[in-house]
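These notes concern the structure reproduced below.
All residue numbers refer to positions in the sequence shown, counting from 1.
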Amino acid sequence: MRSIFRPGDVKHFTRHVRAEDCASFDSGQVHPVYATFALGRDAEWCCRLFVLEMKTDEEEGIGTMLTVEHLSPALQGSEVHFTATITTLQGNEIICSYEAHCGGRLIARGTQAQKILLKEKLERRFAAL
């Protein structure tokens, strides 16, 4: 694992809300608004941008925690800007806080954590399941 970041370092990601990002279940579409589960996926991706630079070829990141406080809607077709900030680096664990904004509004915030592990160790754990 490369130690190239510090608490306070920031990454950005932008999502243009697509139809597949809107709330729908087996019963059909709920509304044309960015779904909480899609927002969580994209928040995790923004935080993972750190891991992609930190891990070596023999390593992989695995998510260990995600919180989503969904505060305001973002309509299909809108642009959502994510900012992830490292809050804690402890051993092989990276913890980030994130915020998502749309049209100048804070629409979500939360925390995400990942651990960087050897791929071999992950494969052994998965094989044992």
- Item | Check: Asn92 side chain, Leu117 main-chain N or O, donor-acceptor pair, under 3.5 Å | no
- Query: Got a donor-acceptor contact below 3.5 angstrom from the Ser97 side chain to the Thr111 backbone?
  - Reply: no
Which residues satisfy the salt bridge (charged side-chain N to carboxylate O under 4.0 Å, His left out) test with [X], sequence neighbours excluded?
X      : result
Lys115 : none
Arg2   : none
Glu69  : Arg109

- Partners of Arg6 by side-chain contact (heavy atoms from CB on, under 4.5 Å), sequence neighbours excluded?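 Per chain and number, Arg6 pairs via side-chain contact (heavy atoms from CB on, under 4.5 Å) with Asp9.
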Atom pairs and distances, donor-acceptor, side-chain atoms in residues 35-47, under 3.5 Å, two or more places apart:
from: Thr36; atom 1: OG1; to: His70; atom 2: ND1; distance (Å): 2.6
from: Arg41; atom 1: NH2; to: Asp21; atom 2: OD1; distance (Å): 2.7
from: Asp42; atom 1: OD1; to: Arg15; atom 2: NH2; distance (Å): 3.2
from: Asp42; atom 1: OD2; to: Arg15; atom 2: NE; distance (Å): 3.0
from: Asp42; atom 1: OD2; to: Tyr34; atom 2: OH; distance (Å): 2.5
from: Glu44; atom 1: OE2; to: Gln112; atom 2: NE2; distance (Å): 3.4

Only distances under 3.5 Å count here; give the side-chain donor-acceptor pairs of residues 48-58 to other protein atoms, sequence neighbours excluded, each with its distance to 0.1 Å.
from: Arg48; atom 1: NH1; to: Glu60; atom 2: OE2; distance (Å): 3.2
from: Arg48; atom 1: NH2; to: Glu60; atom 2: OE2; distance (Å): 2.7
from: Glu53; atom 1: OE2; to: Lys11; atom 2: NZ; distance (Å): 2.3
from: Thr56; atom 1: OG1; to: Glu58; atom 2: N; distance (Å): 3.4
from: Thr56; atom 1: OG1; to: Glu58; atom 2: OE1; distance (Å): 3.3
from: Thr56; atom 1: OG1; to: Glu59; atom 2: OE1; distance (Å): 3.2

- Connected hydrophobic set around Leu118, excluding itself, where side chains approach under 4.5 Å: none
Could you pull out all donor-acceptor pairs under 3.5 Å where a side-chain atom in residues 78-86 meets a protein atom, sequence neighbours excluded?
from: Ser78; atom 1: OG; to: Leu75; atom 2: N; distance (Å): 3.4
from: Ser78; atom 1: OG; to: Leu75; atom 2: O; distance (Å): 2.5
from: Glu79; atom 1: OE1; to: His81; atom 2: NE2; distance (Å): 3.0
from: Glu79; atom 1: OE2; to: His16; atom 2: ND1; distance (Å): 3.4
from: Glu79; atom 1: OE2; to: His16; atom 2: NE2; distance (Å): 3.2
from: His81; atom 1: ND1; to: Thr14; atom 2: OG1; distance (Å): 3.0
from: Thr83; atom 1: OG1; to: His12; atom 2: ND1; distance (Å): 3.3

- Does a side-chain heavy-atom distance below 4.5 Å link Thr87 with Cys96? no
- Not counting sequence neighbours, list each pair that qualifies as a salt bridge (charged side-chain N to carboxylate O under 4.0 Å, His left out) and has a residue in residues 83-100. none
- Task: Any pair with a residue in residues 27-38 that passes salt bridge (charged side-chain N to carboxylate O under 4.0 Å, His left out), sequence neighbours left out, goes on the list, sorted by first then second residue, please.
- Result: none
- Message: Holding to ring pair (Phe, Tyr, Trp, His ring centres under 6.0 Å), I want the full list of residues that pass it with Tyr98, two or more places apart in sequence or in another chain.
- Response: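 Ring pair (Phe, Tyr, Trp, His ring centres under 6.0 Å) check on Tyr98 returns nothing, list empty.
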- For Ser72, what residues pass the side-chain hydrogen bond (donor to acceptor under 3.5 Å, both in side chains) criterion, not counting sequence neighbours?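 Ser72 satisfies side-chain hydrogen bond (donor to acceptor under 3.5 Å, both in side chains) with Arg105 once adjacent residues are dropped.
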- Query: Is any side-chain N of the basic residue among Arg124 and Glu120 closer than 4.0 Å to the acidic one's carboxylate O?
  - Reply: yes
